[in-house]
Number of protein chains: 2
Amino acid sequence: MSNTKASPLLESPVAPCCPPFSERPLTAEESVRTATMFKALGDPVRLRLFSMVASHEGGEACVCDISDVGVSQPTVSHHLKKLKEAGLLTSERRGTWVYYRVEPSVVAAMGQLLTPKG
Amino acid sequence: MSNTKASPLLESPVAPCCPPFSERPLTAEESVRTATMFKALGDPVRLRLFSMVASHEGGEACVCDISDVGVSQPTVSHHLKKLKEAGLLTSERRGTWVYYRVEPSVVAAMGQLLTPKG
DNA sequence: CAGTTGATTCGACGTGTGTCAACATAGACG
DNA sequence: CGTCTATGTTGACACACGTCGAATCAACTG
């Protein structure tokens, strides 16, 4: 369970989910899948953990580096699991510590959705 | 309550909230404010309503045009209120119908957060 | 092997959220 | 003024979610 691939929620995580919001409305199915990603970033603790990983040097961060967010360590683990299930983070165990890194394609897909009309 | 400005949550909705996630981690306060916006899009129904408004011709949509999302009308109204409180939508009553339109600056700020390293 | 530290899982609790039915409000139209 | 249509609000309910303490698993160290 500590392997890199642990997100069965997204069938093809690399493919851009949908065109920008300004182009066409989402279908019911698309909205369910996409809302999962936005919901994952809809919690202050998760959002902060995600930004910590994203901005950490080397693009990855050990749990021990980002555990200081004001909640208990089990709660941190819980939120990291949620982010992993949403496809936004991947984890890898190297010896004692577990390292998390962002999934660039998924983040790019979210950013593409918010692209203005142009 | 049907005026265009109805979002006291964001002090300066135009100013970009924060630098991209890849630059520096969010502070506790920033994460709370930003998570509100992501959480607003974290529900399938809201996400679909938002995409319907964003993709509608003229950049605005009447409630009657977007009410067909599979939930009751009070629920639609509830979700539109949430989106308005998050600063993502604005509403205006013109005669019989109420029109919603997206707040481009807030959406752009969210997209900027997801901008990759470049 | 025992012991220590890091990280996840389990069980439980309180709060928040999505949903609806029923009611209330706003404007149009006769 | 009365009535009809279009939105929004209220109250209530079930469920999900965030949080923690305790227990469990994993890897390094003596």
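The chains referred to below are lettered A, B, ... by the order of the sequence lines, with proteins before strands, and numbering in each begins at 1. Treat the numbers as computed from the prediction; the structure is a model and nothing was measured.
Between dA27(D) and W97(A), no contact under 4.0 Å exists linking OP1 or OP2 to a side-chain N or O. The shortest distance between the side-chain N/O atoms of S77(A) and the OP1/OP2 oxygens of dT8(C) is below 4.0 Å. Contact check, Y100(A) against dT8(C): a side-chain N or O comes under 4.0 Å of OP1 or OP2. Contact check, Y99(B) against dA6(D): no side-chain N or O comes under 4.0 Å of OP1 or OP2.
The side-chain hydrogen bond (donor to acceptor under 3.5 Å, both in side chains) contacts involving residues 52-63 of chain B comprise E60(B)-R94(B), E60(B)-R101(B), where partners must be two or more places apart or lie in separate chains.
In this structure, E92(A) places its CD atom 13 Å from P of dA27(D), rounding to the nearest Å. When the P atom of dC17(D) is taken as reference, atom NZ of K81(A) falls 13 Å away, rounded to whole Å. Counting to the nearest Å, the P atom of dT7(D) and the CG atom of L49(B) are 13 Å from each other. Here the P atom of nucleotide dG27(C) and the CZ atom of R94(B) are 14 Å apart, to the nearest Å. As rounded to whole Å, 7 Å separates atom C1' of dG6(C) from atom CZ of R93(A).
Side-chain atoms of S31(A) and T34(A), non-hydrogen and from C-beta on, never get closer than 4.5 Å to each other. At least one side-chain heavy atom of K82(A) sits less than 4.5 Å from a side-chain heavy atom of R46(A). Between V45(A) and V76(A) the shortest side-chain heavy-atom distance does not fall below 4.5 Å.
Contacts of E30(A) classified as salt bridge (charged side-chain N to carboxylate O under 4.0 Å, His left out), with partners at least two apart in sequence or in another chain: none. Under the ring-ring contact (aromatic ring centres under 6.0 Å, His included) criterion, Y100(A) pairs with no residue, sequence neighbours left out.
Membership of the apolar cluster around Y99(A) extends to W97(A), as traced through chained side-chain contacts below 4.5 Å between ILVMFWY residues.
Among all heavy-atom pairs drawn from M37(A) and V106(A), the shortest one is SD-CG1, 3.5 Å.
Near-neighbour residues of DNA chain C inside residues 56-72 of chain B, defined by a heavy atom below 4.0 Å, number-ordered: V71(B), S72(B).
With hydrogens and angles ignored, the 3.5 Å screen pairs a side-chain donor or acceptor of T115(B) with a backbone N or O of Q112(B).
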Anything under 3.5 Å between a protein N or O and an N or O of nucleotides 11-18 of chain C, put it in a table, one pair a line.
unit_1	atom_1	unit_2	atom_2	d
dG18(C)	OP1	R46(B)	NH1	3.1
dG18(C)	OP1	R46(B)	NH2	2.6
dG18(C)	OP2	R46(B)	NH1	3.3
dG18(C)	OP2	K82(B)	NZ	2.9

